[in-house]
Amino acid sequence: MTSTVIHVATAFSPAPAGRDLADGPFPGAKFRDELLRPALGKYDSVTVDLDGTAGMGSSFLEEAFGGLVRFGFSEEVLRRRLAIRSGRASYIERIWGYIAKASEAAHH
Amino acid sequence: MEPRDWITLAALAAVVIGWFVSNSQANRREDRKEGRALIDEAKTLVVEICDNAVKYRCDLQSELATSIKSSLDLLEVELSRTPHFAIKGGPLMAALVDLQEATTGGDFETSSRKAHLPQSSEVAAVYRARNTMLAELERQFRVHYK
């Protein structure tokens with residue numbers, strides 16, 4: 001089984017913000033499309049390490065991770081292949097909450 | 001053993017037991033004081049975060065975005081000092097997640113964001129999340145420190 005770890009602070013930005021490219025240089029959509037989706041396409045297991053960033057808004061997290069569902073990843077697949085690592089437990093709760101909500105919306 | 005030896009032993013036992021009881025009460029008082037200080041500090045942070053979030057939403061004070069995110073992280077550091085904070089599905093974690101969503105969700109840090117009216121649903125959500133968090137913090141104090 002192949003795996004990789006994406007450190008958001010060093011591989012992307014220590015201050016990610018916003019949803020899409022119109023919002024700034026390091027939005028959720030860019031992280032999702034340039035790092036997260038390619039990694040999920042290449043590796044069996046992807047761990048995203050959120051430590052080292054200067055706080056992340058819900059708008060960034062929802063676009064980056066909830067957006068995976070909108071791009072065709074099911075919650076079941078993500079629960080099997082995606083892991084979130086963070087010293088802040090609330091980030092992990094929020095991310096899985098966005099994935100679950102996006103999955104619910106996709107089924108309606 | 002002589003009767004007076006028993007009396008001496010009983011007196012010694014009473015001193016030791018008394019020391020344990022007094023020490024335990026003093027420790028509980030200290031825990032309560034520390035718990036009160038922790039909860040009060042967290043409540044101050046919550047009010048500050050929400051005041052800034054409302055200014056951000058209504059007055060478009062973009063410079064507050066970093067401060068709001070950073071203060072939310074700091075709040076979580078403080079909350080992690082309370083017992084049972086990180087329990088999955090726990091009420092304090094749920095209140096924090098709601099607060100984070102209300103203050104940094106939606107059009108937060110997007111270029112398309114518009115100034116919200118004070119009576120908008122977005123601002124109401126901030127105040128609702130604030131009050132839920134403040135109430136939960138007090139409940140945590142009652143449960144764990146009294």
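So that the names make sense, note that chain A is the first sequence line, chain B the second, and so on, each numbered from 1.
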Can you list the steps and then say if A:Glu76 with A:Arg79 is a salt bridge (charged side-chain N to carboxylate O under 4.0 Å, His left out)?
CA-CA 5 Å; A:Glu76 189 208 339; A:Arg79 288 225 178 246; over 6 Å; no
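- At a heavy-atom separation below 4.5 angstrom, chain A is approached by no residue within residues 36-61 of chain B.
- Around the CD atom of B:Glu63, the shell of radius 6.0 Å holds more than 12 heavy atoms that belong to other residues, nucleotides or ligands.
- Here the shortest heavy-atom pairing between A:Arg94 and A:Leu61 reads CZ-CD1, 3.8 Å.
- Here the CD-CG distance, from B:Gln140 to B:Leu92, works out to 4.5 Å after rounding to the nearest 0.5 Å.
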Mind running side-chain contact (heavy atoms from CB on, under 4.5 Å) on A:Phe65 and A:Ile84 for me, showing each step along the way?
CA-CA 10 Å; A:Phe65 294 94; A:Ile84 311 297; 3.7 Å; yes
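- At a heavy-atom separation below 4.5 angstrom, chain B is approached by A:Pro16, A:Ala17, A:Gly18, A:Arg19 within residues 10-20 of chain A.
- Atom OH of B:Tyr127 has 12 or fewer heavy atoms from other residues, nucleotides or ligands within 6.0 Å.
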Intermediate values then yes/no, side-chain contact (heavy atoms from CB on, under 4.5 Å), A:Ile6 and A:Leu36:
CA-CA 8 Å; A:Ile6 303 172; A:Leu36 204 40; 4.3 Å; yes
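- Neither the backbone nor the side chain of A:Glu62 has a heavy atom closer than 4.5 Å to any heavy atom of chain B.
- Salt bridge annotation for A:Lys101-A:Glu104: absent, with no cationic side-chain nitrogen under 4.0 angstrom from a carboxylate oxygen.
- For the atom pair CG (A:Leu35) and NE2 (A:His7), the distance works out to 12.0 Å, reported to the nearest 0.5 Å.
- For residues 71-83 of chain B, the interface with chain A (any heavy-atom pair closer than 4.5 Å) comprises B:Asp73, B:Glu76, B:Val77, sorted by residue number.
- Using a 4.5 Å heavy-atom threshold, the side chains of A:Leu40 and A:Arg32 count as separate.
- When all heavy atoms are compared, the tightest approach of B:Tyr145 to B:Asp31 is CD2-O, 3.5 Å.
- Checking side-chain atoms of A:Ser86 against main-chain N and O of A:Ala89 turns up no donor-acceptor pair under 3.5 Å.
- When heavy atoms are compared at a cutoff of 4.5 Å, A:Phe60 does not approach chain B at all.
- For residues 105-119 of chain B, a heavy-atom distance under 4.5 Å to chain A picks out B:Gly105, B:Gly106, B:Phe108, B:Glu109, B:Thr110, B:Ser111, B:Ser112, given by residue number.
- Minimum interatomic distance between A:Val69 and A:Ala106 (heavy atoms only, all atoms of both residues): CG1-CB, 4.3 Å.
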Test log, rule side-chain contact (heavy atoms from CB on, under 4.5 Å), inputs A:Phe73 and A:Arg37
CA-CA 9 Å; A:Phe73 288 93; A:Arg37 282 171 60 210; 4.0 Å; yes
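- The two residues A:Ala102 and A:Arg70 come nearest to each other via the heavy atoms CB-NH1, 4.2 Å.
- Considering all non-hydrogen atoms of both residues, B:Pro91 and B:Arg139 come closest at CG-NH2, 3.3 Å.
- Between A:Met1 and A:Ser45, the shortest heavy-atom distance links the atoms CE-CB, 3.6 Å.
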